[in-house]
Amino acid sequence: MRISARTHYALRAMVALAAADGMMLHAGEIAAEQHIPRRFCDNILLHLRRAGLIHSQRGPEGGYRLARPAEKISLADVIEVTEGIEPPLDDFPGAAAPLAEVWALLHAHENALLRDITLAQVIDRDLRPITG
């Protein structure tokens, strides 16, 4: 799985908001703390807000905060906003046909792992070990 810089930044911004524990953070604070270029951060926050993952409020007391508790937002929720949902792979021809099953299994495992890890777990450093 390839993760774009946009997704890395979105995940970092969301973890920063989760760590703020409901307090509003300004985009500039998030950008500076997470080393995200400010214009890029503004754009990412806009997409996260439109997707319903964060709320925004204008004014000096405003900023951004999570729209739901950090325990209810998975890493997959954030990745879907920035990367979209991966379409199924094309069929593999001839002898390579079984590879389609391998890729489907890999994709299912990735999705399961990312769905199981929430922002709260990242903040608490309570990540479940990967078991095979």
Side-chain angles (χ1 to χ4, degrees):
M1 167 185 276
R2 281 206 170 159
I3 301 290
S4 67
R6 175 186 192 83
T7 298
H8 278 275
Y9 290 152
L11 289 166
R12 286 159 49 180
M14 291 294 286
V15 169
L17 290 168
D21 200 27
M23 291 177 30
M24 294 291 230
L25 292 180
H26 291 282
E29 292 175 282
I30 297 167
E33 177 190 318
Q34 294 300 316
H35 306 283
I36 303 170
R38 176 59 194 266
R39 291 186 68 171
F40 212 164
C41 187
D42 289 338
N43 189 280
I44 289 167
L45 292 170
L46 175 67
H47 286 286
L48 293 169
R49 183 181 60 79
R50 286 181 179 161
L53 292 179
I54 61 175
H55 288 301
S56 65
Q57 180 178 321
R58 293 180 183 237
E61 301 297 318
Y64 295 89
R65 65 178 169 78
L66 297 179
R68 333 188 270 269
E71 302 83 34
K72 303 285 186 188
I73 301 174
S74 72
L75 298 183
D77 294 331
V78 179
I79 292 169
E80 284 176 6
V81 171
T82 56
E83 298 288 335
I85 296 175
E86 200 170 307
L89 293 172
D90 291 333
D91 290 332
F92 288 82
L99 286 175
E101 290 179 53
V102 173
W103 293 128
L105 285 170
L106 177 62
H107 186 69
H109 283 285
E110 286 175 345
N111 285 336
L113 176 65
L114 294 171
R115 287 237 171 271
D116 283 345
I117 299 174
T118 66
L119 295 176
Q121 288 175 285
V122 173
I123 295 301
D124 294 341
R125 296 175 188 231
D126 182 23
L127 304 177
R128 297 177 198 139
I130 299 173
T131 57

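Please read all numbers here as calculations on a predicted model, not as lab measurements.
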What's the separation between atom [atom1] in [X] and atom [atom2] in [Y], rounded to the nearest 0.5 Å?
{"X": "I117", "Y": "L113", "atom1": "CD1", "atom2": "CG", "result": "4.0 Å"}
{"X": "I30", "Y": "L17", "atom1": "CD1", "atom2": "CG", "result": "4.0 Å"}
{"X": "L66", "Y": "E71", "atom1": "CG", "atom2": "CD", "result": "9.5 Å"}

Sequence-distant partners of [X], side chain to side chain donor-acceptor pair (under 3.5 Å), two or more places apart:
{"X": "H26", "value": "none"}
{"X": "R68", "value": "D77"}
{"X": "S4", "value": "T7, E83"}

Check for me, please, whether L114 and I44 land in the same ILVMFWY cluster - side-chain distances under 4.5 Å, paths through other members count.
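Yes.
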
How close do [X] and [Y] get, counting heavy atoms only, and between which atoms?
{"X": "A27", "Y": "C41", "value": "O-SG, 3.9 Å"}
{"X": "V81", "Y": "H47", "value": "CG1-O, 3.9 Å"}
{"X": "N43", "Y": "R6", "value": "OD1-NH2, 3.1 Å"}
{"X": "T118", "Y": "A70", "value": "CB-O, 3.6 Å"}
{"X": "R65", "Y": "G22", "value": "CD-O, 3.8 Å"}
{"X": "M14", "Y": "I54", "value": "SD-CG2, 3.5 Å"}

Can you list the residues that meet the side chain to side chain contact (heavy atoms under 4.5 Å, CB included) rule with [X], with sequence neighbours excluded?
{"X": "H8", "result": "I3"}
{"X": "V15", "result": "L119, V122, I123"}
{"X": "D124", "result": "D126"}
{"X": "A96", "result": "F92, L99"}

For residues 31-39, tabulate all N or O donor-acceptor pairs below 3.5 Å that involve a side-chain atom, not counting sequence neighbours.
residue	atom	partner	partner atom	Å
R38	NE	D42	OD1	3.0
R38	NE	D42	OD2	3.3

Can you list every pair that meets side chain to side chain donor-acceptor pair (under 3.5 Å) and has a residue in residues 50-59, with sequence neighbours left out?
none

Strictly by salt bridge (charged side-chain N to carboxylate O under 4.0 Å, His left out), give each pair with a member in residues 10-29 just once, sequence neighbours left out.
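Passing the test, one end in residues 10-29: no pairs.
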
